Amino acid sequence: MKNYDVLIIGAGSVGVPLAFYLAKKGAKVGVIEKMPSVGRGQNRAAIGGIRATHSDPAKIQICQRSLDIVRRMEPEYGFDVDWVQGGYMFPVYDHDTEKKLRNLLEYQQHFHLNIDWITPKEVEQLAPGITTKHLLGATYSPEDGSASPLKLIDAFYVMADYEGAKFHFDEEVIDFETAQNKITKVITNKDTYQADLIVNASGGDARELCAKAGLDVPVYPDSHEGGITEPVKRFFDPMIVDIRPAKGSANYYFYQNGEGQVVFCITPDPKIPGKDCDNTSEFLPQVIRRMVNLYPRLRNLRVRRTWRGLYPMTPDGFPIVGYAKEYTNMLLAIGMCGQGFMLGPGLGEILSEIIIDNNDEYDDILKELTLYRNFTGEEKLK
Ligand SMILES: Cc1cc2nc3c(=O)[nH]c(=O)nc-3n(C[C@H](O)[C@H](O)[C@H](O)COP(=O)(O)OP(=O)(O)OC[C@H]3O[C@@H](n4cnc5c(N)ncnc54)[C@H](O)[C@@H]3O)c2cc1C
């Protein structure tokens, strides 16, 4: 039987940064991953957006930390992760959306986030050639940005490995043994483990995995598609988010990455519940029509690849983070919805401080994201 101080289930957006920060603090860390390498769950499906401009204190705090970490990846740790501080821009073409975003703006500014209303002229400067007919302005947060999900998780993996974290790939957790209020054994298809603390970071599989320990967690994946074009010379900087609903989709967003490729995805409406990751022939015509309408300059770009992945959703659109009441040695870091990539680094560092240093500075985050909330709230920008 293998023994660890902390055993993390899942080498994804959340599990890998967490492994690094825990190992750096001296913990003996094991990570079990059913795939052959890191990031092959939903991390690789993410398009790479990172923003702190959310609508609730927990995600704001976690993503502010993520931004700080990702910005320092190259100067401090020597990893080029394609960080581009292009900002997030939500262009507005109708008064309803303007009202909604301006209300949110007040809230976000209350948290000292660098976000403001910009004029149509300023919108055009940031995205030359964007449709200006009926354009009322936009919200713009210049400190947000993007990075490569593949490069970032790889950087964390190299650093975690260097700090001594042990990764067990191609190995699936299939069961737990419990006694009183403790997980006494984690059973995989290859081995058996014991740990002082087990962190469940299993993404879209969290519900099935938790059920094996008798825990009912409301994580219900739904499918989202993304795509990427050929690289071209940079012609716009921000992540552009169009939140006007249209037939078949609630919103869509796109940006130009560090290599000049335009990366994009759409939020289907109605949702597509389940774990289907086969891409469809519907996605491209749907998203491209909307993108070219908003930004005609995109029309000559050639799309290189599309893919489909999952958002591990919760009913209120907020993650589930914290200790399970039922077991003294199980911590949940699941239900990351459409934001696990941007939450992962900050959450990893914060959780390491909670776990190793018993830091109670983050009690508010744990309270907001507890499994034992009523899930009736709603994320305004999910
Ligand atoms: C099209 C698309 C675009 C997106 N864009 C963004 C974006 O721009 N920004 C952003 O922040 N987020 C984005 N996301 C969301 C993001 O990808 C997810 O929220 C995030 O990857 C979830 O992180 P996770 O660590 O919870 O799960 P994962 O990264 O999926 O990691 C969980 C890991 O657990 C492993 N696992 C599961 N069960 C077991 C088991 N029993 N035993 C062993 N291992 C197990 C899985 O194989 C997986 O590797 C996007 C998602 C999609 C689909």
Side-chain angles (χ1 to χ4, degrees), residues 7-19 31-51 54 59 62-63 66 70 88 144-149 152-153 156 167-176 186-190 193 199-212 219 221-228 239 241 252-255 257 263-268 272 275-277 279 283 287 306-314 317 319-321 332-348 382:
L7 185 68
I8 300 170
I9 306 172
S13 307
V14 173
V16 181
L18 177 61
V31 185
I32 302 179
E33 170 55 54
K34 66 180 176 180
M35 305 295 277
S37 60
V38 295
R40 295 183 67 167
Q42 298 318 312
N43 182 79
R44 69 173 174 176
I47 70 164
I50 309 176
R51 65 183 161 97
H54 294 283
K59 282 200 296 189
I62 297 168
C63 288
S66 290
V70 176
Y88 263 63
D144 294 333
S146 61
S148 157
L152 187 60
I153 200 160
F156 276 116
F167 285 77
H168 303 271
F169 292 119
D170 278 325
E171 192 166 338
E172 181 168 358
V173 174
I174 52 171
D175 213 348
F176 299 99
V186 175
I187 300 159
T188 73
N189 53 350
K190 291 185 179 168
Y193 297 81
V199 180
N200 187 334
S202 60
D205 297 316
R207 188 148 202 265
E208 293 87 331
L209 194 58
C210 283
K212 293 187 192 295
V219 176
D222 58 30
S223 301
H224 292 248
E225 282 177 89
I228 189 161
M239 171 78 80
V241 189
Y252 63 101
Y253 42 103
F254 59 95
Y255 74 103
N257 71 13
V263 200
F264 52 94
C265 71
I266 205 163
T267 304
I272 306 168
K275 292 190 179 182
D276 189 349
C277 287
N279 50 350
F283 166 64
V287 71
T306 62
W307 63 90
R308 193 177 195 181
L310 310 174
Y311 280 16
M313 291 305 297
T314 60
I320 296 170
V321 179
L332 305 170
I334 53 177
M336 297 295 140
C337 306
Q339 292 149 358
F341 169 66
M342 64 180 84
L343 288 161
L347 189 57
K382 78 179 161 197

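These numbers were taken from a predicted model, which means no experiment stands behind them. Ligands are counted one by one from 1 in listed order, and the atoms in each one are counted from 1 as well. Atoms considered below: every heavy atom in the structure, side chains included; atoms not considered: hydrogens, waters and symmetry mates.
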* Asked: Where is the nearest protein heavy atom to atom 4 (C) of ligand 1: which residue, which atom, and how far?
  -> Ala46 CA, 3.3 Å
* **Gly340 to Ser13 - nearest heavy-atom pair and separation** => O-CB, 3.5 Å
* Hey, does Leu332 have a side-chain heavy atom less than 4.5 Å from the side chain of Cys210? -> yes
* Asked: When only distance counts, is Ala333 in polar contact with ligand 1, meaning an N/O pair under 3.5 Å?
  -> no
* In ligand 1, which numbered atoms sit nearer than 4.0 Å to a non-hydrogen atom of Ile32? -> 43 (C), 44 (N)
* Note the single closest protein heavy atom to atom 44 (N) of ligand 1, along with its residue, its atom name and the distance in Å. => Lys34 N, 3.1 Å
* Who are the side-chain hydrogen bond (donor to acceptor under 3.5 Å, both in side chains) partners of Glu171, not counting sequence neighbours? -> Thr188, Tyr193
* Structure fact -> Note: Leu310, heavy atoms under 4.0 Å from ligand 1, region reported as backbone
* Asked: Any N or O on Ile9 sitting closer than 3.5 Å to an N or O of ligand 1?
  -> no
* Asked: Pick from Asn200, Leu18, Val16: which one makes a side chain to side chain contact (heavy atoms under 4.5 Å, CB included) with Ile8?
  -> Leu18
* To do: Given side-chain contact (heavy atoms from CB on, under 4.5 Å), test Leu209 with Glu172 step by step and report yes or no.
  => CA-CA 10 Å; Leu209 194 58; Glu172 181 168 358; over 6 Å; no
* Considering Gly344, Gly338, Ser202, which one's heavy-atom position lies nearest to atom 12 (N) of ligand 1? -> Gly338
* Distance in Å, Arg44 CZ paired with Ile153 CD1, rounded so as to fall on 0.5 Å steps -> 11.0 Å
* Asked: When you look at Lys59 and Leu343, which way does the side-chain contact (heavy atoms from CB on, under 4.5 Å) test go after all the steps?
  -> CA-CA 7 Å; Lys59 282 200 296 189; Leu343 288 161; 4.0 Å; yes
* **Heavy-atom gap Gly204 to ligand 1 smaller than 4.0 Å** => no
* **Atoms in ligand 1 flagged as close to Asn43, the criterion being non-hydrogen separation under 4.0 Å** => 21 (O), 29 (O)
* **Per-atom contacts, ligand 1 versus Met35 - under 4.0 Å to a heavy atom** => 47 (O)
* To do: Please work out whether any backbone atom (N, CA, C, O) or any side-chain heavy atom from C-beta onward of Ala201 is under 4.0 Å from ligand 1, and answer side chain, backbone, both or neither.
  => backbone
* Go through the steps to decide whether Glu225 and Val287 satisfy the test side-chain contact (heavy atoms from CB on, under 4.5 Å), and finish with yes or no. => CA-CA 10 Å; Glu225 282 177 89; Val287 71; over 6 Å; no
* Backbone or side chain, does any N or O of Glu225 fall under 3.5 Å from an N or O of ligand 1? -> no
* Structure fact -> The atoms of ligand 1 lying under 4.0 Å from a heavy atom of Gly41, numbered in the order shown, are 30 (O), 48 (C), 49 (O)
* Which bit of Leu209 gets closer than 4.0 Å to ligand 1, counting heavy atoms only: side chain, backbone, both or neither? -> side chain
* Ser223 heavy atom under 4.0 Å from ligand 1 -> no
* Which residue supplies the protein heavy atom nearest to atom 11 (O) of ligand 1, what is that atom called, and how far is it? -> Met342 N, 2.7 Å
* **Distance (rounded to the nearest 0.5 Å) between Glu33 CD and His168 NE2** => 12.0 Å
* **Options Gly348, Ser146, Ser13, Gly10, ranked by nearest heavy atom to atom 34 (O) of ligand 1, top entry** => Gly10
* Region of Asp205 that comes within reach of ligand 1 [heavy atoms, distance under 4.0 Å] -> side chain
* **Donor-acceptor pair, side chain of Tyr253 and main chain of Tyr88, under 3.5 angstrom** => no
* Nearest non-hydrogen protein atom, atom 2 (C) of ligand 1 -> Ala45 O, 3.3 Å
* Asked: Should Cys277 and Leu310 be marked as a side-chain contact (heavy atoms from CB on, under 4.5 Å) after you check the CA-CA gap, both sets of side-chain angles, and the distance that decides it?
  -> CA-CA 7 Å; Cys277 287; Leu310 310 174; 3.8 Å; yes
* Before accepting this row, confirm whether a basic side-chain N of the pair Asp205/Lys275 lies closer than 4.0 Å to the acidic partner's carboxylate O. => yes
* To do: To the nearest 0.5 Å, tell me how far Tyr252 OH sits from Thr267 OG1.
  => 11.5 Å
* Asked: Using heavy atoms and a threshold below 4.0 Å, how should the contact between Arg308 and ligand 1 be classified: side chain, backbone, both, or neither?
  -> neither
* Min N/O separation Gly48 to ligand 1 under 3.5 Å -> yes
* **atom 31 (O) of ligand 1: the protein heavy-atom neighbour that sits closest, reported with distance to 0.1 Å** => Gly12 CA, 3.2 Å
* Judging by distance only, is a nitrogen or oxygen of Ile47 under 3.5 angstrom from one on ligand 1? -> yes
* Between Met336 and Val14, is any pair of side-chain heavy atoms under 4.5 Å apart? -> yes
* Examine ligand 1 and decide if any of its atoms is less than 4.0 Å from a heavy atom belonging to Glu171. => yes
* Structure fact -> the protein heavy atom lying closest to atom 51 (C) of ligand 1 turns out to be Tyr311 CE1, 3.3 Å
* To do: Report yes if Gln42 has an N/O atom closer than 3.5 Å to an N/O atom of ligand 1; otherwise report no.
  => yes
* Nearest protein heavy atom with distance in Å, relative to atom 35 (C) of ligand 1 -> Glu33 OE1, 3.3 Å
* Asked: Would you say His224 has any N or O atom under 3.5 Å from an N or O of ligand 1, going by distance alone?
  -> no
* Does an N or O anywhere in Val173 fall below 3.5 Å from an N or O of ligand 1? -> yes
* **Min N/O separation Pro312 to ligand 1 under 3.5 Å** => no
* Structure fact -> Separation between CD1 (Ile32) and NZ (Lys190), nearest 0.5 Å, reads 10.5 Å
* Please state which part of Pro149 comes within less than 4.0 Å of ligand 1, counting heavy atoms only: side chain, backbone, both or neither. => neither
* Asked: Which residue owns the protein heavy atom closest to atom 9 (N) of ligand 1, what's the atom, and how far is it?
  -> Gly49 O, 3.1 Å
* **Check: Ser223 side chain, Asp276 main-chain N or O, donor-acceptor pair, under 3.5 Å** => yes
* **Atoms in ligand 1 with a heavy atom of Val14 nearer than 4.0 Å** => 25 (O)
* Asked: At a 4.0 Å threshold, what atoms of ligand 1 neighbour a non-hydrogen atom of Cys337?
  -> 15 (C), 18 (C), 19 (O)
* Exam field: side chain Asn43 to backbone Gly12, donor-acceptor pair closer than 3.5 Å -> no
* Asked: Do any nitrogen or oxygen atoms of Gly226 come within less than 3.5 Å of a nitrogen or oxygen of ligand 1?
  -> no
* Structure fact -> ring pair (Phe, Tyr, Trp, His ring centres under 6.0 Å) filter on Phe167, not counting sequence neighbours, yields Tyr157, Phe169
* **Side-chain donor/acceptor of Ser66 to backbone N/O of Met342, under 3.5 Å** => yes
* Asked: Heavy atoms, side chains only, cut-off 4.5 Å: are Val241 and Arg51 in contact?
  -> no
